Amino acid sequence: MPSTALAATAVAAVLALTATACGPEEDNAGGSPSASADQSSDGKVAIPDDLKDRLKEHGIDPDKWRDGEWKNWDKDKWLREAKDFVNPIIDGLWDPDRMREADKPPENPVDNDISGDDGVTDPTPAPVQAAGVATPYHDNAPESGKLLFDGPQGSMVCSATVVKDPANPGKSNMVWTAGHCVHAGKKGGWYRNIAFVPAYNNDGLSLAELETAPKEKIAPYGVWWGKWAQTSEQWIAQGAAVGGQGAPYDFAVLHVTPEKGAGGKSLEETVGSALPVEFNAPAVPEIAGMTATGYPAAPPFDGQKLLQCEDKPGRLSVFQDQPTMYRVGCTMTGGSSGGGWVAAGQDGKPALVSNTSIGPVTAGWLAGPRLGKEAEGVYRAVSEKYAGQ
């Protein structure tokens, strides 16, 4: 995959209608719409005329798009480009039941071991057992949360991290995740109803306890809808659900907005923290350890608990003509995708240096992209788009 610069096709506007877990497709028009999404005469979300026109240009029936009848779209009919993607907020769509039941990750597995250039691929690390983050999660990992979205197979889940916004110091609304958590790659397009829930299930309640828990327990800092999403053009062009294709460029940045009013506060102000992003991390031998955090949802996990793995990273070359990736021993499974990897940056302070991208179906290790110029281009483009807002 060529290391080309960020293109306009790598950008997606998410005005708010999306989530991630592979269950049966649910009616995406559920819930009462916010002021930004009026209702049609049938009580469902009304589709703006300009969006109808864009959908029709792609040969897509607007009503079928709204109602989730898009399982059989071929890649030419997915909403792939920035100008094609619309994601209106649907107030109440992510209610407690829907959030709890969204427990399946998008596919992104690889073989238990991957051969590569012996010069940059280190021996497969020993598995590190994922450990639960101490509750309340906000006190110990305030930047972490769960990402929800809808795809052709239904509602799905990933993990994500609040990161600093250089254009809005102390008032960031930016969230870091994996590219495959917002866009299906070469055979698809942008997902819908993308929403971020910081400190999801803050008290670490069991699945049974969550069945009767109020929304405030599940989403104590609110639900934040994707207003804009951006990933690398390499992921859009070559990313695949299996085999690690596009993995070295599997990162994305969201700009989010609250479903309900946050009293004028930004996401960073609401959760009280945001991580800096390091695009020039020290060489692997100089990194003492990395901590990967996420909400693993594939067995033996259920997607409701926040877990972490800490390990000294090694290197993994998936394809010899692409950047090497970080790899750590970790038993977290699908659903942890997109979760942040934290290590000491060049200044010695904790920073986000990667995100979970791939791992074997039989858990034992995870790999994440090294964040270089392509990742920085995505990050700064989202920041600059909302400068001063």
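Remember, predicted model here, so these are calculated numbers, not experimental data.
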(request) Check the pair Arg327 / Asp122 against side chain to side chain contact (heavy atoms under 4.5 Å, CB included), numbers first and verdict last. (result) CA-CA 9 Å; Arg327 181 164 59 165; Asp122 295 320; 5.5 Å; no

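- Under the side chain to side chain contact (heavy atoms under 4.5 Å, CB included) rule, Leu210 has a single partner from Asp203, Asp302, Ile218, which is Ile218.
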(message) Under the criterion side-chain hydrogen bond (donor to acceptor under 3.5 Å, both in side chains), I'd like the reasoning laid out for Ser273 against Glu143: C-alpha separation, chi angles, the key distance, then a yes or no.
(response) CA-CA 6 Å; Ser273 186; Glu143 305 89 1; 2.5 Å; yes

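- Remark: the backbone N or O of Gly145 is not paired with any side-chain donor or acceptor of Thr161 at under 3.5 angstrom.
- Across all their heavy atoms, Pro248 and Pro369 have their closest contact at O-CB, 3.3 Å.
- The closest donor-acceptor contact from the side chain of Lys146 to the backbone of Gly303 lies under 3.5 Å.
- The aromatic ring centres of Tyr379 and Phe251 sit 6.0 Å or more apart.
- Residue-environment remark: NZ (Lys312) exceeds the threshold of 12 foreign heavy atoms within 6.0 Å.
- For the atom pair NZ of Lys186 and CH2 of Trp235, the computed distance is 9.5 Å after rounding to the nearest 0.5 Å.
- To the nearest 0.5 Å, the span separating OG on Ser206 from NZ on Lys305 amounts to 6.5 Å.
- Residues Thr135 and Gly204 come closest through the heavy atom pair CG2-N, 3.7 Å.
- With hydrogens and angles disregarded, no donor-acceptor distance shorter than 3.5 Å links the side chain of Thr324 to the backbone of Leu316.
- Contact annotation: the side chain of Glu376 never approaches that of Asn280 to less than 4.5 Å [non-hydrogen atoms, C-beta and beyond].
- Judged purely by atom type and a 3.5 angstrom limit, Asp311 has no side-chain atom pairing as donor or acceptor with the backbone of Val328.
- Ionic pairing of Glu259 and Lys215 is present here: one or more N-O contacts between side-chain nitrogen and carboxylate oxygen are shorter than 4.0 angstrom.
- The hydrophobic cluster containing Val128 does not contain Leu366, counting ILVMFWY residues as joined when their side-chain heavy atoms lie under 4.5 angstrom apart, directly or transitively.
- Thr270 places a side-chain N or O within donor-acceptor distance of the main-chain N or O of Ser266, the cut-off being under 3.5 Å.
- Side-chain atoms of Trp225 and Val256, non-hydrogen and from C-beta on, never get closer than 4.5 Å to each other.
- Not a single donor-acceptor pair under 3.5 Å links the side chain of Asn355 to the backbone N or O of Gly339.
- The shortest distance between side-chain heavy atoms of Gln238 and Gln245 does not fall below 4.5 Å.
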(request) Under the side-chain hydrogen bond (donor to acceptor under 3.5 Å, both in side chains) rule, what do Trp341 and Thr356 come out as? Steps first, then yes or no, please. (result) CA-CA 7 Å; Trp341 290 26; Thr356 298; 2.8 Å; yes

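- In this structure a side-chain-to-backbone donor-acceptor pair under 3.5 Å is missing from Gln322 to Phe319.
- The nearest pair of heavy atoms linking Gly335 to Ser159 is O-OG, 2.8 Å.
- Contact check for Met325 versus Arg370: no side-chain heavy atoms found under the 4.5 Å cut-off.
- Classification of the Trp190-His183 ring pair by plane angle, with boundaries at 30° and 60°, yields perpendicular.
- Of all non-hydrogen atoms in Val318 and Gly243, the two that sit nearest each other are CG1-O, 4.3 Å.
- When all heavy atoms of Pro282 and Tyr326 are compared, the pair lying nearest together is O-OH, 4.4 Å.
- Note on Asp97 versus Arg100: salt bridge recorded, some NZ/NE/NH1/NH2 to OD/OE distance being below 4.0 Å.
- Ring orientation note: the planes of Tyr137 and Tyr295 are nearly perpendicular, at an angle over 60° on the 30°/60° scale.
- Taking the six-membered ring where the residue is Trp, Tyr386 and Trp228 present perpendicular rings, their angle passing 60° and hence far from 30°.
- Between the side chain of Asn173 and the backbone N or O of Leu267, at least one donor-acceptor pair lies under 3.5 Å.
- In this structure, Thr121 contributes its side chain and Ser317 its backbone to a donor-acceptor pair below 3.5 Å.
- Looking at Val342 and Val353, their side chains never come closer than 4.5 Å, going by heavy atoms from C-beta outward.
- Taking OG1 of Thr293 as the reference point, atom CD of Gln308 lies at 3.5 Å (rounded to 0.5 Å).
- Partner of His180 under the side chain to side chain contact (heavy atoms under 4.5 Å, CB included) criterion, chosen from Asp250, Thr231, Ile358: Asp250.
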(request) Run the numbers on Trp176 and Leu275 for side chain to side chain contact (heavy atoms under 4.5 Å, CB included), then give the verdict. (result) CA-CA 10 Å; Trp176 192 283; Leu275 282 172; over 6 Å; no

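- Atom CE of residue Met332 and atom CD of residue Gln129 lie 12.0 Å apart, to the nearest 0.5 angstrom.
- Separating the CD atom in Glu278 from the CG atom in Leu371 is a distance of 9.0 Å, to the nearest 0.5 Å.
- In terms of modelled atom types and a separation under 3.5 Å, the side chain of Thr331 and the main chain of Ala130 share a donor-acceptor contact.
- Between Thr333 and Pro299, the closest side-chain pair of non-hydrogen atoms is not below 4.5 Å.
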(request) Go through the steps to decide whether Leu148 and Phe196 satisfy the test side chain to side chain contact (heavy atoms under 4.5 Å, CB included), and finish with yes or no. (result) CA-CA 6 Å; Leu148 306 165; Phe196 174 67; over 6 Å; no

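- Rounded to the nearest 0.5 Å, atoms OG (Ser144) and NE2 (His138) are 10.5 Å apart.
- A pairwise comparison of heavy atoms in Ser337 and Ser357 identifies OG-O, 4.0 Å as the closest pair.
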(message) Working note: Val253 + Val175, criterion side chain to side chain contact (heavy atoms under 4.5 Å, CB included); need CA distance, chi angles, decisive distance, verdict.
(response) CA-CA 6 Å; Val253 178; Val175 174; over 6 Å; no

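- A 4.5 Å side-chain heavy-atom check between Lys171 and Asp165 finds every atom pair outside the cut-off.
- Between Lys260 and Asp91, at least one side-chain nitrogen of the basic residue sits less than 4.0 Å from a carboxylate oxygen of the acidic one, meeting the salt-bridge criterion.
- Side-chain contact check for Cys330 versus Trp365: every heavy-atom pair is 4.5 Å or farther apart.
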